[in-house]
Amino acid sequence: MKDATAYRFVNDRNMRDQIETAVGRPEVLSAVTSTGLLTALADLTNLATLSRIEGHGLLSFKIAFKDGSYVIIRADVDHANGTYEPNSARTQPGQVVPATIESVGSPGHGAIKTISCGGSGAAKICIVKWETY
């Protein structure tokens, strides 16, 4: 995925599925953590399940792309795939990469006409054009 970016990630379901699947694979988890950590997380998961504690056994991975943008993927020892943390996609300087036009919000009465992202590295920005009424 040589042209992978956070912007593409939020708009390309196939790319998202590939990355989530890769993050959840045991060999990937073992390569970036240790066997001891995975065993400890599995033990914590078992204890938390018995105690009925939610949200246990999660690891967060910051997936950085070549242009500096990134997303957060959560991995759980109980599930085969990682899961995208909603609204975690960011440009290199930390600007939110909107998943949909509706997720941007409104400065007043009107509607969003377009969202376009351009530039590269620290200069990458997303521009929202509004139609006010």
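By convention here, the first residue in the shown sequence is residue 1.
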TODO: For residues V23 and A75, report the shortest heavy-atom separation together with the two atoms involved.
DONE: CG1-CB, 4.1 Å
TODO: Taking all non-hydrogen atoms of both residues into account, name the closest pair between I72 and S88 and its distance.
DONE: N-OG, 2.9 Å
- [ ] Using side chain to side chain donor-acceptor pair (under 3.5 Å) as the criterion, list what pairs up with D12, not counting sequence neighbours.
- [x] R8
Open item on the list: Please find the pair of heavy atoms, one from Y70 and one from A64, that lie closest to each other, and give the distance.
Closed with: CB-CA, 3.9 Å
Task: Exercise: identify the closest heavy-atom pair between A4 and M15 - done: CB-CE, 3.3 Å
Task: Spacing of OG1 belonging to T91 relative to CG belonging to D67, to within rounding of 0.5 Å - done: 8.5 Å
Open item on the list: If hydrophobic clusters are built from ILVMFWY residues whose side chains come within less than 4.5 Å, do V71 and V96 share one?
Closed with: no
Task: Heavy-atom closest pair, residues Y84 and I73 - done: CA-CD1, 3.8 Å
Open item on the list: Working to the nearest 0.5 angstrom, can you tell me the gap between K62 NZ and E85 CD?
Closed with: 14.0 Å
Task: N11 vs R16, side-chain contact (heavy atoms from CB on, under 4.5 Å): CA-CA, chis, key distance, verdict - done: CA-CA 8 Å; N11 292 292; R16 185 185 303 186; over 6 Å; no
Open item on the list: Test your reading of the model: is there a side-chain donor-acceptor pair from R90 to the backbone of N87, 3.5 Å cut-off?
Closed with: yes
- [ ] Over all heavy atoms of both residues, which pair between A6 and A89 is shortest? Give the atoms and the distance, please.
- [x] CB-CB, 4.1 Å
TODO: Could you tell me which residues satisfy side chain to side chain donor-acceptor pair (under 3.5 Å) with S60, sequence neighbours excluded, listed by chain and number?
DONE: R74
